[in-house]
Amino acid sequence: MPPLNAETFLQDPRVAQAKQLIADALADAQASLDGVRPANPALADGFNAMLEKFGALRGKLWYPYIGSGIGRGPLVELADGSVKFDMINGIGVHGLGHSDPGLVAAGIDGAMGDTVMQGNLQANADAMQLCEDILALANANGAAMDHCFLTTSGAMANENALKMIFQKHAPADHIVAFSKCFTGRTLALAAVTDKAAYREGLPDTLRVHYLPYVDTDDVDKSIRSALKHLRLHLGRHKGKVAAVMFELVQGEGGYNAGDAKFHRALMEECKKQGLAVFADEIQTFGRTSRPFAYQHYGLDEFIDVVSVGKMSQVCATLYKSDYAPRPGLVSQTFTGSTPQIHAAREVLSRMSAGDWFGDTGKNATIRARFEKNILDLHAKHPRLIGDKLFGVGTMMAFQVHDGSADKTRATLNKLFENGVIAFVCGSGPYRVRFLPPAAVMTEQDVDAVCAILGSTLVQVADELAQKQEA
Ligand SMILES: Cc1ncc(COP(=O)(O)O)c(C=O)c1O
């Protein structure tokens with residue numbers, strides 16, 4: 001059989017040669033990105049003008065961050081010439097850090113595809129392979145997801161999941177979620193997300209009932225309380241509740257760890273009551289001791305629908321056959337770009353083949369190193385940093401100063417200036433959060449980040465004291 005024209009193209013030796021040349025040029029350009037670097041004063045005017053323009057075009061940026069387009073693992077170069085440790089990675093998107101050679105190569109493969117975007121009427125073999133890859137990871141420990149619907153954002157993955165759940169459970173159209181949950185920013189998800197500011201001025205699109213999240217210091221009491229609330233909601237709204245939506249480790253809410261016994265007790269109750277078990281793994285995916293947090297907590301048997309996003313590059317809703325939507329319910333012009341699909345396959349393959357997971361995997365060892373550093377810093381500066389690393393795996397957060405919004409923000413701004421990019425979570429006390437690219441980090445990187453954190457804490461404390469004196 002003659003080869004497909006696509007094979008002739010992709011296997012052309014000139015293509016391999018061009019890719020090798022790009023890989024070599026990338027390695028050369030990355031060679032000097034070996035640590036934090038201050039901004040180049042000669043670029044300041046142009047950079048500030050760009051920031052102003054960008055701010056005017058899209059609204060003020062959270063940080064003065066405009067990337068130059070290159071980095072090296074946990075380090076990123078900005079357009080002002082500075083190089084910083086990126087410990088937030090677009091809020092958890094870049095699990096392989098910046099300018100990963102494997103991802104650049106995958107992007108080039110994708111860019112050689114016939115279309116930039118794929119979607120409803122136009123999917124290539126790579127999209128099918130990606131669905132297979134995600135399902136294989138999802139079902140590795142006994143979950144039984146049958147289908148995978150690709151999409152462009154975490155919010156759309158959750159929207160599609162909710163639509164499938166409501167269609168199957170109609171006329172039940174209420175949902176149960178947890179206090180402080182974050183689920184996304186569409187109209188429906190703004191109704192579920194437990195943060196008033198994120199739905200200010202919006203119509204109430206969904207009936208949502210909340211359960212208290214687990215307090216890991218008293219799991220049994222948390223189970224009793226959450227079950228009591230669940231039964232009360234079900235009693236008050238007979239036949240109206242379709243599902244419980246689980247964020248197995250809370251992200252935006254403060255990096256609140258989940259608990260296997262707590263989640264299990266609630267999921268068992270869902271099964272007894274005929275409710276769908278929906279796990280939102282947009283942020284947890286790839287960050288615990290297993291690819292999915294439901295695998296980390298041993299909950300595979302309960303999951304009916306699960307959403308993935310962020311680190312997966314292409315977002316997706318995975319679901320059992322009985323949640324299969326009837327024609328017309330879900331469909332999209334775009335499911336993802338072809339480079340994105342190739343990048344997603346590269347990330348999943350590195351996840352499967354690499355040493356990310358388990359007790360001695362990179363997620364665990366990088367977390368342990370951060371934890372040691374944070375505790376050492378607390379011992380030195382007990383009033384400047386808390387004595388606990390919140391979260392699970394590479395979802396990590398800690399409290400600085402008194403946990404107030406302004407002191408946390410002041411610390412984040414100074415950290416950024418000093419070469420570490422982090423972000424906030426929680427809602428009083430606020431916490432500094434890190435979503436580091438553990439797979440491409442060394443323990444020396446962690447120490448370097450924490451050294452900057454230590455000096456920043458002292459600097460901020462001095463500046464606050466000076467302000468008070470003035
Ligand atoms: C748990 C969770 N669900 C949903 C979303 C929404 O994802 P996206 O921002 O890609 O729409 C996020 C994003 O932060 C998230 O953390």
Side-chain angles (χ1 to χ4, degrees), residues 58 62 87-95 134 149-165 175-195 197-199 202 205-206 208 210-211 213-214 243-258 263 277-288 291-294 296-297 303 305-318 330 332 334-337 340 343-344 347 390-397 422-427 431 433-436:
R58 61 130 275 169
W62 215 83
M87 292 298 102
I88 196 61
N89 288 288
I91 319 196
V93 176
H94 317 306
I134 299 179
F149 189 85
L150 302 179
T151 189
T152 45
S153 71
M156 270 317 296
N158 281 347
E159 279 281 325
N160 288 335
L162 286 179
K163 286 164 103 179
M164 293 173 196
I165 287 167
I175 184 135
V176 167
F178 290 87
S179 299
K180 296 192 179 173
C181 69
F182 180 81
T183 62
R185 294 178 190 272
T186 61
L187 278 176
L189 295 167
V192 182
T193 292
D194 186 23
K195 196 149 182 174
Y198 294 179
R199 60 168 93 99
L202 303 184
T205 47
L206 268 186
V208 189
Y210 294 97
L211 307 179
Y213 201 63
V214 61
V244 177
M245 185 165 181
F246 290 83
E247 205 183 346
L248 297 169
V249 179
Q250 285 194 322
E252 174 88 13
Y255 279 28
N256 304 314
H263 291 316
V277 172
F278 170 21
D280 172 350
E281 297 244 17
I282 305 294
Q283 191 159 159
T284 45
F285 180 66
R287 296 207 166 267
T288 65
F292 289 83
Y294 66 75
H296 170 85
Y297 288 120
I303 307 298
V305 180
V306 57
S307 53
V308 292
K310 291 187 184 279
M311 208 196 282
S312 56
Q313 310 296 300
V314 179
C315 302
T317 312
L318 316 181
V330 295
Q332 288 175 207
F334 293 155
T335 50
S337 70
Q340 227 184 326
V347 169
F390 294 91
V392 174
T394 60
M395 291 174 70
M396 305 189 300
F423 197 49
V424 67
C425 64
S427 51
R431 292 169 185 161
R433 69 166 131 169
F434 284 174
L435 283 162

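Numbers here are sequence positions counted from 1. Every number for a ligand or one of its atoms is a count from 1 in the order of the listing.
Looking at heavy atoms from C-beta onward, Lys310 lies in side-chain contact with Ile91 at the 4.5 angstrom threshold.
Residue Gln250 forms a side chain to side chain donor-acceptor pair (under 3.5 Å) with just one option from Asp194, Thr284, Asn256, and that option is Asn256.
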Distance dump, ligand 1 polar atoms to protein, N/O, under 3.5 Å:
{"unit_1": "ligand 1", "atom_1": "3 (N)", "unit_2": "Asp280", "atom_2": "OD1", "d": "3.3"}
{"unit_1": "ligand 1", "atom_1": "3 (N)", "unit_2": "Asp280", "atom_2": "OD2", "d": "2.7"}
{"unit_1": "ligand 1", "atom_1": "10 (O)", "unit_2": "Gly154", "atom_2": "N", "d": "2.9"}
{"unit_1": "ligand 1", "atom_1": "11 (O)", "unit_2": "Gly154", "atom_2": "N", "d": "3.4"}
{"unit_1": "ligand 1", "atom_1": "11 (O)", "unit_2": "Ala155", "atom_2": "N", "d": "2.8"}
{"unit_1": "ligand 1", "atom_1": "14 (O)", "unit_2": "Lys310", "atom_2": "NZ", "d": "3.0"}
{"unit_1": "ligand 1", "atom_1": "16 (O)", "unit_2": "Gln283", "atom_2": "NE2", "d": "2.8"}

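With hydrogens and angles ignored, the 3.5 Å screen pairs no side-chain donor or acceptor of Arg433 with any backbone N or O of Ala397.
Taking the ring-ring contact (aromatic ring centres under 6.0 Å, His included) definition, one finds that Phe278 meets it with nothing, sequence neighbours left out.
Phe292 has its ring centre less than 6.0 Å from the ring centre of Phe285.
Between Tyr198 and Phe182, the ring planes lie perpendicular to each other; the angle is over 60°, past the 30° to 60° tilted range.
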